[in-house]
Amino acid sequence: MNLITVKPELHRFDSCREFAEMFQIGEKDFILASKSTYLKHFHDLNTGAVVAFKSDYGPGEPTDLMCEAIMADVEKSGCTRIIAIGGGAVIDIAKVLAVSDGNTMDELYAKAPALTRKRGLVIVPTTCGTGSEVTAISILSRVRLNTKLGLVSPTLYPDSAVLIPKLLEDLPFSVFATSSLDALIHAMESALSPKANAVTRMFSYQAVDMILQGYRAIAEQGPDARIALLEDFLLASTYAGIAFGNAGCAAVHALSYPLGADRHVPHGESNYAILSGVIRKYRQIKTDGELAVLGEKIAAALSCAPADAFDALETLLENILKRKPLREYGLTEADLVTYTDSVLANQTRLLSNNFVPLTREDILDIYQSLY
Ligand SMILES: [Fe+2]
């Protein structure tokens, strides 16, 4: 039985220059970056690499159509290595660029997991959320299906993941909040997954503890307290990535995808909108087992009684981001039924990792409880 796979080499640098020199970035490299980060930290390094900005291809979360446009430009460039410098959207597109060979996205999804690696792949995350730098999955909006779907293949593991904590200093608090909430949810969902084991849970629970300790500092001292803790948050995000890359995410992500794709809600925010409803439903069905262990870990981090852990967690998270009821995203009650059917039709990969099985009625009830 395989307990854990950690594929990419993991690197950490104080400066972008050290990274560029160590990785000998040059004209055979195709850098896909978020524009502001690139201009501030990499432009003056004059690496000679071909550079493209994600924002030139479209706003917001990555779509299959956006990917196809960038794939065409990579093909023309003749580059042999992809370097992603950005948040989840940039990273997820870069993974596809490393395996694309003139295919459409529909063809890649149809072939997966049997994809072939065409180019090298180096990932530099600039948020503290996705954990995607250490996973073999790329999540894209399928425009024609109106939901998000994971493209999964062992060939999507990057060759190298590069942590440069300094890059996170530019993150506005709102992006810090949504991305770190995503990491916390990766850690919680992977801890509760039936595919988890003692090794993957070590990463999950370490991430839960680091993120909650950081959130306590922010709640007590204000948003600027995060600056001294950015390396912790970046590491926690990577730990959570290792955990969910092996044990999987589950219902929170599954129920959040239709909201994210349909209403263009940032991924961490749409997950956060769903989290409390899923945990409440789990607790209605089963309170012991790993959910009790997770409650104890949260209680230890928040210095409260285990029985109060999930309520205390909700209170703490409200300090980081105000949770909006689903109606405030413009949904109707009929949309909740449509979303439920979409989850059941498209997200079986994630639903199989639920702490306890959820029925159609359970899923609809979760949405309604959050409305
Ligand atoms: Fe996520």
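Counting starts at 1 for both ligands and their atoms, following the listed order.
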I'd like to verify the contacts: list protein N, O or S atoms under a distance of 2.8 Å from the Fe ion (ligand 1).
Asp182 OD1, His186 NE2, His253 NE2, His267 NE2
Apply salt bridge (Lys or Arg N to Asp or Glu O under 4.0 Å) to residues Glu231 and Arg12 and explain how you reach the verdict.
CA-CA 10 Å; Glu231 181 148 11; Arg12 183 222 178 265; 2.7 Å; yes
Can you find a pair of side-chain heavy atoms, one from Phe23 and one from Phe13, that are under 4.5 Å apart?
yes
Between Pro8 and Glu133, is there a side-chain heavy-atom distance shorter than 4.5 Å?
no
Which other residues end up in the same hydrophobic cluster as Tyr157, if Ile, Leu, Val, Met, Phe, Trp and Tyr are linked when side-chain heavy atoms come under 4.5 Å apart?
none
Side-chain heavy atoms of Thr47 within contact of Phe42, under 4.5 Å
no
Do Tyr215 and Glu220 have side-chain N/O donor and acceptor atoms under 3.5 Å apart?
no
